[in-house]
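All remarks here apply to the structure that follows.
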Amino acid sequence: MFRKIGHNVLAIVLVQAINFIVPLVALPHIARALDVHKFGVYVVLLSYANYVLMVSDFSFNVNGPLLVAESKRDGQLRQLAIDTTALKSMLLIPALLVFAISAYLIADQNWLYVLLSGMIPITTTFTPRWIMYSVGQIYVFAGLSAVSKGLWILLVYLLVQAPDDVGILLAITALTQLLLCVLCIVLVWNESEGGSPPTLSRICAIFQNDFKQFAASIATSSLKDLGVVALSVSSSAVQVSLYALADRVRFALLGVVAPVSQSLFLVTARHKLSGGVQQRIRGLVNMAVTIGAAMCGVAVFLFSEELVALLGGGAFAHSAPLLRIVAFAPTFTALTSVLGVNTLLAEGFAAEYASAQLTCAGLAGPVLLLLVLLFGATGAALGVLLAEIIGVLVLGRACQKSGVIAKAFSLRGK
C-alpha cells in the first residue's frame, strides 16, 4: 500500500511542481517586466478567473475519484466524461457573464484583457485532469503538463518584456492550457468505449446528488482568492501586488500539501470497495504531510526578505512582512485536508464534510473581508491565516461529532 501511495505521490509531486513551481520560477521576470501596477492587474484577473473555475468545476475535484471508480467499474467512464462536460458547460455560461462585467471594471476597462483572461477558466474547466488522476494516468498528465508549462515559460521569457504585455501574458497562459486540454480529452476519450449524447435527466441527477458538496466547495474555495479580490475593490493596484507576491509563495507551499493528501484520497477511493487503506498508513501519511508543511512554513518565515528580493526585487520589499504571516497558512491547510478529505470524506461522512465547509466559509469569509477593509494587504494576509485556522477548528469538531477524530493521525488499527 505504501508503494501505491508513493507511486501516486511522486506523480502528483511532478504535477504540483509543474503547476506551482514553474510559475514561481517565472515570477521574478513577470514582476519586473509588468511593474507593480500591471502585475496587480494581472493577478486580480487570474483571481477573478479562479472564481469562474470554482463554479464550472462543480465538486468534481473533491468527489471525482469516487465517481470515476464507480463509472469505470460499470464501463461508463466515457459517459461520465460526456455528462460532466455538459454540466460544466451549463455552469460556465452564467459564471463567465458575471466574470466579464467584474473583470472589465478592474482591468483598466480593457475588453481584450477580459477576453483573454476568460479563456483561462474555459480551457481549464474542460481539461479532465481529475479523470486522468483517477484512471492511473497521472504520469501521463504530468508529462503533458510539463510540455504545456515548458512552452509557457519559454514564451513568457521571450515575449513578455514591458508593462503593456499583460495581454500577451494572458494569451500565452490561455493557449498553453488549451494545448493541455486537447491532449487530455483525446486520451480520456480513448480510455473507454460507448457513450451517448448527454441528457437533461442524467445531468440533473449528477447536479442533485452532489449539490451540497458543490455549494460547500464554492464556499471554501472562494476564500483562497478572497484576499486579492477584496483588495482589488478596496485598495490600490500596488497593495494588491504586494499581497499577491506573498500569496504566490503560499500557493507554491501548497505543493507540499496537495501531492500527499490527493494521493492518499485517490488510493482510498480506488480501494474503497475492497476494504480501503490501512489505518496505520493513513495516520503516518497524514502526520508526514502536516510536519512537512510546517517545516516549509518555518523556512519561508525565516528567509522571507531574501525570497521577496529574489522574486520581486526592491519594488516589492514591503511584501516580506506579509509573507511572514501567510507562511504558516499551508500548515493549517494540511490539517484541514487531513481532517476533511482524508478523514471525514474518506470515512463516508460526505454530508458532514460539506456542512463543515459551509460553516467554515460562513465564519471565515466575513472575518477576512473585515480585516481587508481595516488593514488592507496586512489584513488580507491575517485573514487568510485565520480562515485556515477556523477551518481546522470546525473540521476537528465535525470529526469529533462523527466519531472519527482518532483516525486522523492514529497509527493503530487496520
Side-chain angles (χ1 to χ4, degrees), residues 13-50 52-53 103 106-108 110-127 129 141-184 225 228 232 237-238 240-255 307-316 319 323:
V13 163
L14 292 174
V15 174
Q16 297 296 344
I18 292 165
N19 290 334
F20 288 107
I21 306 302
V22 170
L24 195 65
V25 171
L27 186 58
H29 175 76
I30 293 173
R32 288 169 172 81
L34 296 186
D35 76 25
V36 176
H37 174 76
K38 288 293 187 179
F39 180 74
V41 172
Y42 168 67
V43 171
V44 170
L45 285 170
L46 291 185
S47 297
Y48 277 48
N50 283 339
V52 177
L53 186 59
I106 57 92
D108 296 338
N110 189 316
W111 278 113
L112 179 61
Y113 290 176
V114 175
L115 176 64
L116 293 173
S117 57
M119 290 299 298
I120 297 172
I122 293 174
T123 52
T124 306
T125 293
F126 293 124
T127 303
R129 60 195 182 283
F141 184 79
L144 296 177
S145 296
V147 172
S148 173
K149 287 298 184 183
L151 180 60
W152 177 83
I153 198 169
L154 175 64
L155 293 175
V156 166
Y157 272 95
L158 289 176
L159 301 179
V160 180
Q161 303 294 334
D164 290 336
D165 291 339
V166 173
I168 295 175
L169 179 57
L170 292 170
I172 292 170
T173 304
L175 290 174
T176 51
Q177 181 63 41
L178 177 62
L179 172 64
L180 178 63
C181 175
V182 172
L183 293 175
C184 289
D225 286 288
V228 171
S232 72
V238 173
V240 175
S241 294
L242 293 176
Y243 170 75
L245 188 77
D247 205 43
R248 296 304 97 181
V249 179
R250 176 176 70 95
F251 275 105
L253 286 177
L254 292 178
L307 281 171
V308 168
L310 176 66
L311 296 174
F316 290 85
S319 291
L323 181 55

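- Residues Leu169 and Leu34 form a side-chain contact, since some pair of their non-hydrogen atoms from C-beta on lies under 4.5 Å apart.
- Counting heavy atoms from C-beta on, the side chains of Leu180 and Ser145 come closer than 4.5 Å.
- Sorted by first then second residue, the side chain to side chain donor-acceptor pair (under 3.5 Å) pairs that include residues 149-169, not counting sequence neighbours, are Trp152-Thr173.
- Minimum interatomic distance between Leu311 and Ala31 (heavy atoms only, all atoms of both residues): O-CB, 4.1 Å.
- Here the closest heavy-atom approach between residue Leu170 and residue Tyr113 is recorded as CD1-O, 3.8 Å.
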message: Show, in sequence, the C-alpha distance, side-chain angles and deciding distance for Phe251 and Asp225, and conclude whether the side chain to side chain contact (heavy atoms under 4.5 Å, CB included) test is met.
response: CA-CA 11 Å; Phe251 275 105; Asp225 286 288; 4.3 Å; yes

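- One distance of note links SG of Cys181 with CG of Leu144; it measures 11.5 Å at 0.5 Å rounding.
- A donor-acceptor contact shorter than 3.5 Å links the side chain of Asp35 to the backbone of Lys38.
- Closest approach of Gln177 to Thr127, counting heavy atoms only: NE2-OG1, 3.0 Å.
- Tested against Val43, the residues Val228, Ile30, Asp247 include a single side chain to side chain contact (heavy atoms under 4.5 Å, CB included) partner, Val228.
- To the nearest 0.5 Å, the span separating SG on Cys184 from CZ on Phe126 amounts to 14.0 Å.
- Between the CD1 atom of Ile172 and the CG atom of Leu116 there is a distance of 10.5 Å, given to the nearest 0.5 Å.
- Between Leu27 and Arg248, the closest heavy-atom pair is CD2-CB, 3.9 Å.
- Nearest approach of Thr176 to Ser148, heavy atoms of both residues: O-OG, 2.8 Å.
- Thr125 contributes no side-chain N or O that, together with a main-chain N or O of Leu53, makes up a donor-acceptor pair within less than 3.5 Å.
- Checked by atom type and distance alone, the side chain of His37 never pairs as donor or acceptor with a backbone atom of Pro163 at under 3.5 Å.
- With rounding to the nearest 0.5 Å, the separation of OG1 in Thr124 from CG in Asn50 is 8.5 Å.
- Annotation for Ala103 and Leu45: closest pair CB-CD2, 3.8 Å, computed over non-hydrogen atoms.
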